[in-house]
There are 2 protein chains.
Amino acid sequence: MSVALRSRRRDELVSAAARLFSERGYHGTSMQDLGDALGLLRGSLYAHIGSKQDLLFDVVDQGARRFLQRGEHAVHQVAPSPQRLRDFLVGHAEVAIEQLDAGRVFLNEWRYLDDSLQEDIKTKRDAYEEMVRGILRDGVAAGELRADLDISLAARLVLSCGNWIYSWYRLDGEMSPSAVGEAFANMIIGGLHQEEAV
Amino acid sequence: MSVALRSRRRDELVSAAARLFSERGYHGTSMQDLGDALGLLRGSLYAHIGSKQDLLFDVVDQGARRFLQRGEHAVHQVAPSPQRLRDFLVGHAEVAIEQLDAGRVFLNEWRYLDDSLQEDIKTKRDAYEEMVRGILRDGVAAGELRADLDISLAARLVLSCGNWIYSWYRLDGEMSPSAVGEAFANMIIGGLHQEEAV
DNA sequence: ATTCTACAAACAAACAGTTGTTTGGAACAG
DNA sequence: CTGTTCCAAACAACTGTTTGTTTGTAGAAT
């Protein structure tokens, strides 16, 4: 009990956990591994956290919060729907790549959270998806996007390519995060097909 | 040693592994769990397999092979590029949903394979991605797809929405697998934006 | 300045249980 | 009678967590 909620050591622990959970998975990472990463015995870690689950939640929640924060910025912009969608995807790509580890854990390991903690994260994830649906609905209403659009499915298309970034993006690559977001937005909005006439 | 490569029991074991690895992850599933699922002691499983890694490889490889098989069918069709892309996505969605467990393991747990086994899977995954790039290149050459397309990135867009199906598709949902594939193909090819004139 | 107090941080050791795997022998099949 | 299939038991190592105790270091009291 009575665990320090914030301290230098705890922050080190959380970011070591982000790295290791991302590389080896939650169940593939032992308290031993985490202790080794900080140069401590595994028992000593319990001076800073309540349990291994706590650590997982901290990492996942950190990932979720950053996406939400950046998403709100794009949503609350005053601009045409396609422009806000573009901005949303750029922001998503930037956040995803600036926190590759926490983001990967957010996407892959959240399901290993205990039920109550999992609910918290699901709520945040739903809110994030709702942002995209909102943008799309506005676009249809304004006549900027196809009228026959299946909003949920289109939102999934947008989020899919954003979330899949983790599995292929390499930091030594030639594309910047925002360029990736821009490119995806252009393809999604404009389509891959050759337009007949302009 | 001298492990039966094929038998009824082994098949049962592999599909139990697919289900459990998919639900709890590779490291989150113990040999105990697998034994319980078949009504055997965990030690008894070693009459049918060499190691836990063997099981993981079998599940992942099974997932990979089915995607490749179905993908080839779409690629070798004689039809315009957009039509082949549509067929590829429909096939992908069908395979993904008909083998939800193995597919999830193929996508999420392959990284826990030992190096040499991992190479095998990477090769198959690359071949699958190359199918999509091939279709896209043909489409650009034939003037059916935009000339300025970034082939690799467009392929990633296609594969992203295909692979992300696992995280949202529910079997009790109202959309059939092929309808999902069709819908994604339409959005990707045509774009979300409202076309000015037709 | 020197003592006393308070506290966080870490160790060392143990907890009870689980991990993947191997072995020797039994039951049962063709 | 030869294999296959399984159990029973053990293997050493590792799991997450708790305990009692030591250490370093602040601030307050002397």
Side-chain angles (χ1 to χ4, degrees), chain A residues 1-21 23-60 105 109-118, chain B residues 1-21 23-60 105 109-118:
Chain A
M1 338 279 136
S2 143
V3 162
L5 287 181
R6 221 164 272 265
S7 74
R8 170 134 309 128
R9 256 311 199 218
R10 190 188 162 103
D11 289 347
E12 286 177 3
L13 185 45
V14 172
S15 61
R19 213 189 64 244
L20 291 176
F21 289 170
E23 281 172 18
R24 315 179 188 180
Y26 176 68
H27 288 299
T29 305
S30 67
M31 296 302 290
Q32 184 91 265
D33 295 333
L34 290 165
D36 291 351
L38 300 218
L40 298 182
L41 296 186
R42 67 191 195 279
S44 308
L45 302 177
Y46 288 82
H48 306 98
I49 57 162
S51 67
K52 196 187 175 188
Q53 275 278 320
D54 279 10
L55 266 181
L56 178 57
F57 180 78
D58 277 8
V59 175
V60 171
V105 176
E109 314 292 324
W110 67 273
R111 60 200 182 110
Y112 302 124
L113 282 170
D114 292 341
D115 286 351
S116 62
L117 299 175
Q118 201 168 124
Chain B
M1 342 293 131
S2 143
V3 162
L5 287 181
R6 218 165 274 264
S7 74
R8 170 135 306 131
R9 254 318 196 213
R10 190 189 164 105
D11 288 347
E12 285 177 4
L13 185 45
V14 172
S15 62
R19 212 189 65 243
L20 291 175
F21 289 170
E23 281 172 18
R24 317 180 186 177
Y26 176 69
H27 288 298
T29 304
S30 66
M31 296 303 289
Q32 185 92 263
D33 295 333
L34 290 166
D36 291 351
L38 298 220
L40 298 182
L41 297 187
R42 65 190 195 279
S44 308
L45 303 177
Y46 288 83
H48 307 96
I49 56 162
S51 68
K52 196 186 175 189
Q53 274 278 320
D54 278 11
L55 266 181
L56 177 57
F57 180 78
D58 276 8
V59 175
V60 171
V105 176
E109 314 292 325
W110 67 274
R111 58 201 182 109
Y112 302 124
L113 282 170
D114 292 341
D115 286 351
S116 61
L117 298 175
Q118 201 169 123

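Numbered from 1 within each chain, the chains take letters A, B, ... in sequence-line order. These numbers come from a predicted model, not from an experiment.
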Correct closest heavy-atom pair for B:Y26 and B:K52 would be O-NZ, 3.1 Å
Below 3.5 Å, can you tabulate the donor-acceptor pairs from side chains in residues 32-40 of chain B to any protein atom, sequence neighbours excluded?
| residue | atom | partner | partner atom | Å |
| --- | --- | --- | --- | --- |
| B:D33 | OD2 | B:R24 | NH1 | 3.3 |
| B:D33 | OD2 | B:S30 | N | 3.0 |
| B:D33 | OD2 | B:S30 | OG | 3.3 |

For A:R111, the salt bridge (Lys or Arg N to Asp or Glu O under 4.0 Å) test, sequence neighbours excluded, returns B:E109
Could you list all N or O pairs between the protein and nucleotides 10-16 of chain C that sit under 3.5 Å apart?
| residue | atom | partner | partner atom | Å |
| --- | --- | --- | --- | --- |
| C:dA10 | OP1 | A:R9 | NE | 3.0 |
| C:dA10 | OP1 | A:R9 | NH2 | 3.1 |
| C:dA10 | OP2 | A:H48 | NE2 | 3.2 |
| C:dC11 | OP2 | A:L41 | N | 3.0 |
| C:dC11 | OP2 | A:S44 | OG | 2.9 |

Heavy-atom nearest pair, A:H48 first then A:L13, reads CB-CD2, 4.3 Å
Sorted by chain and residue number, the ring-ring contact (aromatic ring centres under 6.0 Å, His included) partners of B:Y112 (sequence neighbours excluded) come out as B:H27
Residues in residues 25-38 of chain A with a heavy atom under 4.0 Å of DNA chain C, by number, are none
Which atom pairs link the protein and nucleotides 24-30 of chain C when you take only N or O atoms and keep those under 3.5 Å?
none

Rounded to whole Å, the CZ-P distance (B:R24 to C:dT18) equals 14 Å
Rounding to 0.5 Å, atoms CD1 (A:I49) and CZ (A:R9) come to a distance of 13.0 Å
By salt bridge (Lys or Arg N to Asp or Glu O under 4.0 Å), A:R42 pairs with (sequence neighbours left out) none
Between OH of B:Y112 and C1' of C:dG20 the distance, given in whole Å, is 18 Å
Pairs under 3.5 Å (Watson-Crick or G-U), crossing ones as [ ], inter-strand ones as |: DNA chain C comes out as ||||||||||||||.||||.||||||||.|
With sequence neighbours left out, the residues meeting salt bridge (Lys or Arg N to Asp or Glu O under 4.0 Å) with A:D54 are none
### Query
Please walk me through it: do A:L55 and A:L45 pass side-chain contact (heavy atoms from CB on, under 4.5 Å)?
CA-CA 11 Å; A:L55 266 181; A:L45 302 177; 5.9 Å; no
side-chain contact (heavy atoms from CB on, under 4.5 Å) filter on B:L117, not counting sequence neighbours, yields B:Q53, B:F57, B:L113
All heavy atoms of B:A17 vs all of B:V59, minimum pair found to be CB-CG2, 4.0 Å
B:Y46 atom OH is separated from D:dA8 atom C1', nearest whole Å, by 16 Å
For side-chain contact (heavy atoms from CB on, under 4.5 Å), just list the numbers for A:L56 and A:V105, CA-CA rounded to whole Å, side-chain angles, deciding distance to a tenth of an Å, and then say yes or no. CA-CA 8 Å; A:L56 178 57; A:V105 176; 3.9 Å; yes
Sorted by chain and residue number, the side chain to side chain donor-acceptor pair (under 3.5 Å) partners of A:E23 (sequence neighbours excluded) come out as none
When rounded to whole Å, the CG to P distance for the pair B:L20 and C:dT19 reads 12 Å
